[in-house]
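Below you'll find the structure, written out as structure tokens, and then a few comments.
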2 protein chains.
Amino acid sequence: MSDDGPIAACPIGPVVDLVFSRWTTPILLTLHRDGRLRFVELHRRIGGVTAKVLTERLRRLERDGLVTRSYFAEVPPRAEYEITELGRSLGPVFATLAAWQAEHLGEVESARRGFDG
Amino acid sequence: MSDDGPIAACPIGPVVDLVFSRWTTPILLTLHRDGRLRFVELHRRIGGVTAKVLTERLRRLERDGLVTRSYFAEVPPRAEYEITELGRSLGPVFATLAAWQAEHLGEVESARRGFDG
DNA sequence: TCCATTAGGTACCTAGGGGAAACTGGCTGT
DNA sequence: ACAGCCAGTTTCCCCTAGGTACCTAATGGA
């Protein structure tokens, strides 16, 4: 009956969880654009996220191998984050997304206006 | 100081909200793969989602112009959902994602094992 | 006669993902 | 003497996305 379950319905589930959880996209994009950054600087550039959540996300990205963390027990402490090769390999994904948005977001907006009005 | 705010940090925010909200990916994928489907059938093929939530998602996708809904006030009622051209244009996005996953998910998993152990 | 069917709508409830704020630590500048 | 600075951690708290359960309509079949 061609029903291979939810896995077949969403074969890209894992990568979606990985890359498109809240805040992970701006983190990855900023690190990709601006290179190695320390915590406060990354925090400032993203904006809106709290330190607690940013820490959590970064830990998770580190665990997933998308980001590296270098900690220096100086005073004041220093932590630097950098995107890995693996993280960098997401470039085409983001590029495809950006391209789609540039080309089609207008259609979405006008569809919404049509639906609402 | 090259700080254009959160917008610069996440220029693809709109499309991410649009396409990667919970359940929208399997909905779009299933409709893309299997063509026009009525509500129950779509519900069955996705699995795990409740009727209430599925309805909400479909309404939203309809509003965004990614899906069309054809309702027939018969008894029992019939509603058929179909992906639009606009929805279909997301194909390359999903393909890029699937390709990345196929090539790199293994690295992610081994990074996790390394981190945990 | 009575139930299943379809496409939802509605009311209620819960878990947990985040947000806000306060705290740690030692050095450095005023 | 005292207030920052950095990189978090911890505690508390709230909101809401999503789940459960129950309701409708007219018909066809057992």
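Lettering of chains follows the sequences in order, A, B, ..., and the numbering in each one begins at 1.
- Side-chain atoms of B:R36 and B:S70, non-hydrogen and from C-beta on, do get closer than 4.5 Å to each other.
- Classification of B:E62 and B:R69 as a salt-bridged pair fails, no side-chain N sitting under 4.0 Å from a carboxylate O.
- Side-chain atoms of A:T84 come within 3.5 Å of backbone N or O of A:L66 as a donor-acceptor pair.
- Atom C1' of nucleotide D:dC6 and atom CZ of A:R44 are separated by 10 Å, given to the nearest angstrom.
- B:P77 has its side chain within reach of B:Y71: a pair of non-hydrogen atoms, C-beta onward, lies under 4.5 Å apart.
- Using a 4.5 Å heavy-atom cutoff, the side chains of A:I83 and A:T68 are not in contact.
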Quick tally for nucleotides 9-18 of chain D: nucleotides whose base has a protein heavy atom under 4.0 Å get B, sugar-phosphate-only ones S, the rest -, giving BBB------B
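- Residue A:R78 places no side-chain N or O under 4.0 Å from the OP1 or OP2 atom of D:dC5.
- Distance CG (A:L54) to P (C:dG18): 13 Å, rounded to an integer number of Å.
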Treat primed atoms plus P, OP1 and OP2 as sugar-phosphate and everything else as base, then score nucleotides 25-30 of chain C 5' to 3': B for base contact with protein heavy atoms under 4.0 Å, S for sugar-phosphate contact only, - for none. BBS---
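- A salt bridge (Lys or Arg N to Asp or Glu O under 4.0 Å) check over residues 101-115 of chain A, counting only residues at least two apart or in different chains, returns the pairs A:R112-B:D64.
- Rounded to an integer number of Å, the gap from B:Y81 OH to C:dT6 P is 14 Å.
- Salt bridge B:R59/B:E56: absent, no basic N to carboxylate O contact under 4.0 Å.
- Taking atom OH of residue B:Y71 and atom P of nucleotide C:dT6, one finds them 13 Å apart after rounding to whole Å.
- Separating the CD atom of B:E74 from the C1' atom of C:dT5 is a distance of 13 Å, rounded to the nearest angstrom.
- In this entry the distance linking CD1 of B:I46 with C1' of C:dA7 reads 15 Å, nearest Å.
- When all heavy atoms are compared, the tightest approach of A:H32 to A:G91 is NE2-CA, 4.5 Å.
- For the OP1/OP2 pair of C:dA7 and a distance below 4.0 Å, the side-chain nitrogens and oxygens of B:R38 include at least one atom meeting the criterion.
- Rounded to whole Å, the distance from CZ on B:R69 to P on C:dT6 is 16 Å.
- When heavy atoms are screened at a 4.0 angstrom cut-off, B:F72 is found touching no nucleic acid atom at all.
- Ring-plane geometry between B:Y81 and B:F39 is classed as tilted, the angle between the planes lying from 30 to 60 degrees on a 0 to 90 degree scale.
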